[in-house]
Every structure is written in structure tokens, then in C-alpha cells.
Amino acid sequence: MTCFMDHRDLSRATATGYLFLLLLFSSFINIWSSCSNGSCQVVDSCSHSTDCGPGLFCGNCPALGKTQPFCIRGQATIPTSVIGGLPFNKYSWLVTHNSFSIVGAPALPGVQRFTFYNQEDTVTNQLKNGVRGLMLDMYDFNGDIWLCHSFRGQCFNFTAFQPAINTLREVEAFLSKNPSEIVTIIIEDYVHTPKGLTKLFKNAGLDKYWFPVSKMPKKGEDWPTVTEMVKANHRLLVFTSVASKEEEEGIAYQWKYLLENEAGDPGVKPGSCPNRKESQPFNSKTASLFLMNYFPTYPVEDEACKEHSARLADRIRTCYKAAGSMMPNFLAVNFYLRSDGGGVFYDLDSMSGQRLCGCNTIAACQAGAPFGSCKNISMPTPSPMTNSVGSFSGPVQFSTSTSTVYHPNHLMIALFSFPWMISLFF
């Protein structure tokens, strides 16, 4: 009888154990099934790119100790789709620094490219994801105008990317397909060919979208409304770093219209937002657009997710104060898709909400409601994806794993750590 009782107790314990495991497994299945097949939201765990909802992708951020994959915001809310009809300078837009300098872009045949990279997906994809400003470095090269990430005002075969017209045709295709969108191009200009840029934009089919210099505010007044710009088809703003081209080619000289903080490491130093030396001072009353640079001197892909966390929000507040309570119109970053969750997109939503409706995020804005009338929403939450121009499909999207990706910029930084290398470039 004693032996029977021991066996019976053991059977009960075994049955109880199996029941516990069954309940635990069932609970796990329920949790897993509740967040998959496109239902996962920002910072929810994910195992596949299809787990995350619209405008999100599955990634991680080892630089902040977040090695397990989670859903990350990958698309911007287009502010004019929420509150429209205001002057162009009342909005904030996402800009990609060196938009063309893309990891994995093919080099010239037989040439090993030797330069830094700043982005990870095509310009077409950047535009689909809500980027509305492109920083492009243009040079005379190979009898044409090329995009190069180079130095000393000269393009080399090992710093060249592609003819500029290729990228400009991507812009033309986007503007053609999206007749209510406005794009800004800011050129670091090393083109010396007479009328070279004029011919380039005409050949790319972009002259029909050109916003004329004659209509640009010169005394700090408001720009035309986005509605007026769209109606007139003036949906492409182009700025050059060469002053003479405003008169010679009708291309706006950027320092006449844009205020900027310092780029590179000085621009990301905590607690400061120094005025860029080429720019007018922040207290200038003649420029009505403010471009905020936020990217380090040496770009590193796997560090960008850390930069696009609370650090970026702090820097926006600092620059807002430094510019006399002027909210940036353009936010320029490297590797815009990398973040700890919401990243640059949440910060842009916050900027837009504060300036357009007096709310902490544009998701709380109500079109037609008095300023400061905000919807009661919980944060964090992905902003409503009111635009349908595309979804993320770039190279930082993870499919079945988050395996280590080769980062070519690490090699460049290692080489630049030797003083003799720096002397070659500067």
C-alpha cells in the first residue's frame, strides 16, 4: 500500500507538471500569436520582418544593449496630411545627409571605393519613407556631373558613386507619382561647368517643378503656403553652396535662405548648438528656414540607433532655444532608419505637433480645432500612417535573424585614426 501511494503521488505530480507545462505553452502561444503577422507595434519583440505593422521593420540596437529584435519605426508622418495649407516654413521635414552615399552601392568597375557611407537604402526608398530633403555632393567628373563623397573639391574614381542625373531621375519619378509632395535638394556644389546644374536638372525633367528664386522670401517673411506651391507645381526647392549661381543659373544660394547649426561632432556635442560659420547668425531676421544638422563627423551605422534616441530629442530642444525659439524646418541625419524604437520619426512628430497644433505629437492634432486642442492618446504609439507612398524594404530590415552586418565605415574610421591618413584628406 505504501508503494502504491508513492506511485499514485508521483503520478499526480507528473500530471500536475504536464498540466503546468501545457498551460505555460498555451500562454506562450497566445502571447506570440497576439503579436505577429503585422500586428506588432513599436518596441514589441519580433522575429521576422512581417511581424511588425505598417511603417515598421524588425531590427535591434546593440549600442544600447538591445540585442534582441524588436519593431522599429521606419516611416514618417507627412505633416501636411494632418494639418495642411500653412506656409512652407511652418513645417518640419526629414533630410538625409549625403543621401546618395549608400552602403552597398556598386563602385566603378575594377575600383575599390574608399570613403564614408551615410545611408542604407535608395533615394527612392528614402522618399517613400517620408524623407523630403536630400543633401547631395555634386562634382565635375568623367565629363559629366557626378555624386561623390570626396575631399579637396575633387571627385576621384574611389570616391565616386554615380552620375547625378540617375538620382535626380528618382526624384522626378517620385514627384510625378505624388503630385502633392514637395522635395528640397541642398547641393554641396563643386560643379564648375558653365550652366552645368541648369542643364542637369533640365535633362532630369525637374525644371517643370522648379520653385523660382524670385518667389523666395528674402527678408524673413513667410513662404507661400504648401497649397499654393502645389497648385503652381513649384514642388522642388534647390539650394547651392555657390553664391554666384543664384544670379548665373537661378539656383538659390543656401546661406541667404537657410540658418544652420554646425555639422559634424560640434553639432552633436551635448548642451550646445553652435552656429555654422557659413550661416547667418541665429538671430538673423532675413532667413526664415532653419536646418538642424545632427550627425557625427565619422558616421557609424550601428551607433546611429543610440544617437537617434533621447540624445536627439535633447539636441532639438537645445537648438530650438539657441535659435530664439525657432523650431527646425529641416532635420538632417545619417542612417535615418536606425533607432531604439521611434527615433527621428517620433522627434519629427513631436516637432510638428508643437508647431502645428500645440500638442506633444502630431498624432494628437485635430484639423480645424483650436490651437492646443489635443486628442487624448497614449505614448509611445506609432503615428497614423496617413500617407501611402510606400513602406520600408531597405537593407537594415531583418528577415529571419539579426546577424552581424559588415560596416565599411569601421574600416574608414580605423584608417583615419592614423595622423598620416588624415593629412592626405585635409
Side-chain angles (χ1 to χ4, degrees), residues 79 86-99 131-137 182-189 211-226 229 234 236-246 251-297 311-334 336 344 347-348 350-352 354-356:
L86 301 179
F88 180 76
N89 57 298
K90 300 300 181 183
Y91 294 93
S92 295
W93 310 97
L94 178 59
V95 176
T96 45
H97 173 232
N98 289 335
S99 315
V131 172
R132 290 296 177 268
L134 307 173
M135 287 181 164
L136 305 177
D137 296 2
I182 300 169
V183 173
T184 300
I185 294 178
I186 302 167
I187 304 171
E188 187 172 321
D189 193 346
F211 190 103
V213 171
S214 60
K215 294 184 179 295
M216 291 186 176
K218 309 249 186 334
K219 298 181 180 179
E221 63 269 35
D222 281 340
W223 284 63
T225 67
V226 291
M229 293 171 67
H234 293 158
L236 179 68
L237 279 67
V238 183
F239 297 96
T240 174
S241 57
V242 178
S244 62
K245 292 191 179 180
E246 178 159 330
I251 305 174
Y253 179 47
Q254 71 180 93
W255 307 116
K256 184 184 292 187
Y257 305 94
L258 294 173
L259 302 176
E260 284 194 33
N261 67 308
E262 194 62 70
D265 289 345
V268 298
K269 184 180 179 181
S272 68
C273 186
N275 203 106
R276 185 164 180 167
K277 60 180 179 298
E278 299 94 338
S279 169
Q280 300 179 54
F282 285 147
N283 60 4
S284 170
K285 302 300 181 184
T286 61
S288 51
L289 295 174
F290 176 24
L291 187 152
M292 177 182 157
N293 294 299
Y294 185 76
F295 45 85
T297 301
R311 296 182 179 186
L312 176 54
D314 289 341
R315 186 49 44 82
I316 292 171
R317 286 191 289 268
T318 300
C319 287
Y320 171 76
K321 293 177 181 178
S325 300
M326 185 178 184
M327 191 69 75
N329 299 101
F330 302 104
L331 177 61
V333 297
N334 292 328
Y336 74 104
V344 297
D347 288 321
L348 281 163
S350 178
M351 293 161 64
S352 294
Q354 293 176 55
R355 73 187 311 166
L356 297 180

Minimum heavy-atom separation for [X] and [Y], please, with both atom names.
{"X": "P266", "Y": "E262", "result": "CB-CG, 3.7 Å"}
{"X": "G133", "Y": "S99", "result": "O-OG, 4.4 Å"}
{"X": "Y257", "Y": "A287", "result": "O-CB, 3.6 Å"}
{"X": "G267", "Y": "Y294", "result": "O-CD1, 4.3 Å"}
{"X": "V213", "Y": "A252", "result": "CG2-N, 3.6 Å"}
{"X": "I316", "Y": "M327", "result": "CG2-SD, 4.4 Å"}

Modelled atom types, side-chain donor and acceptor of Q354 and Y320, under 3.5 Å: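 Looking only at side-chain atoms, Y320 and Q354 do not form any donor-acceptor pair under 3.5 Å.
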Applying side chain to side chain contact (heavy atoms under 4.5 Å, CB included), name anything that partners [X], two or more places apart in sequence or on another chain.
{"X": "F330", "value": "F88, W93, V95, T184, L258, L289, L291"}
{"X": "D189", "value": "I187, V191, L197, T240, S241, V242, K245"}
{"X": "A243", "value": "Y253"}

Look at the side chain of [X] and the backbone N and O of [Y], then say whether any donor-acceptor pair between them is shorter than 3.5 Å.
{"X": "S288", "Y": "E221", "value": "yes"}
{"X": "Y91", "Y": "L356", "value": "no"}
{"X": "D265", "Y": "P296", "value": "no"}
{"X": "N261", "Y": "N293", "value": "yes"}

From [atom1] ([X]) to [atom2] ([Y]), nearest 0.5 Å:
{"X": "L134", "Y": "N98", "atom1": "CG", "atom2": "CG", "value": "11.0 Å"}
{"X": "L331", "Y": "M292", "atom1": "CG", "atom2": "CE", "value": "5.5 Å"}
{"X": "D347", "Y": "R317", "atom1": "CG", "atom2": "CZ", "value": "8.5 Å"}
{"X": "E246", "Y": "K256", "atom1": "CD", "atom2": "NZ", "value": "3.5 Å"}

ring-ring contact (aromatic ring centres under 6.0 Å, His included) involving F211 - partner list, sequence neighbours excluded: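 Once residues adjacent in sequence are excluded, the partners of F211 under the ring-ring contact (aromatic ring centres under 6.0 Å, His included) criterion are W223, H234.
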Full working for side chain to side chain contact (heavy atoms under 4.5 Å, CB included) between V333 and F295: CA-CA 5 Å; V333 297; F295 45 85; 5.7 Å; no
Measuring only between side-chain heavy atoms, which start at C-beta, is [X] closer than 4.5 Å to [Y]?
{"X": "L259", "Y": "Q280", "value": "yes"}
{"X": "L237", "Y": "I182", "value": "yes"}
{"X": "I185", "Y": "F239", "value": "no"}
{"X": "I186", "Y": "Q254", "value": "yes"}
{"X": "P270", "Y": "D314", "value": "no"}
{"X": "K90", "Y": "D222", "value": "yes"}
{"X": "R132", "Y": "L94", "value": "no"}
{"X": "L86", "Y": "V226", "value": "no"}

With R355 via side chain to side chain donor-acceptor pair (under 3.5 Å) - residues at least two apart: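 For R355 the side chain to side chain donor-acceptor pair (under 3.5 Å) partners, ignoring immediate neighbours, are S92.
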Pairs involving residues 267-290, ordered by first then second residue, that meet salt bridge (Lys or Arg N to Asp or Glu O under 4.0 Å) (sequence neighbours left out):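 Only E260-R276, R276-E278 qualify under salt bridge (Lys or Arg N to Asp or Glu O under 4.0 Å).
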Neighbour count above 12 (heavy atom, 6.0 Å) for K321 NZ: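 Not buried by this count: 12 neighbours or fewer within 6.0 Å.
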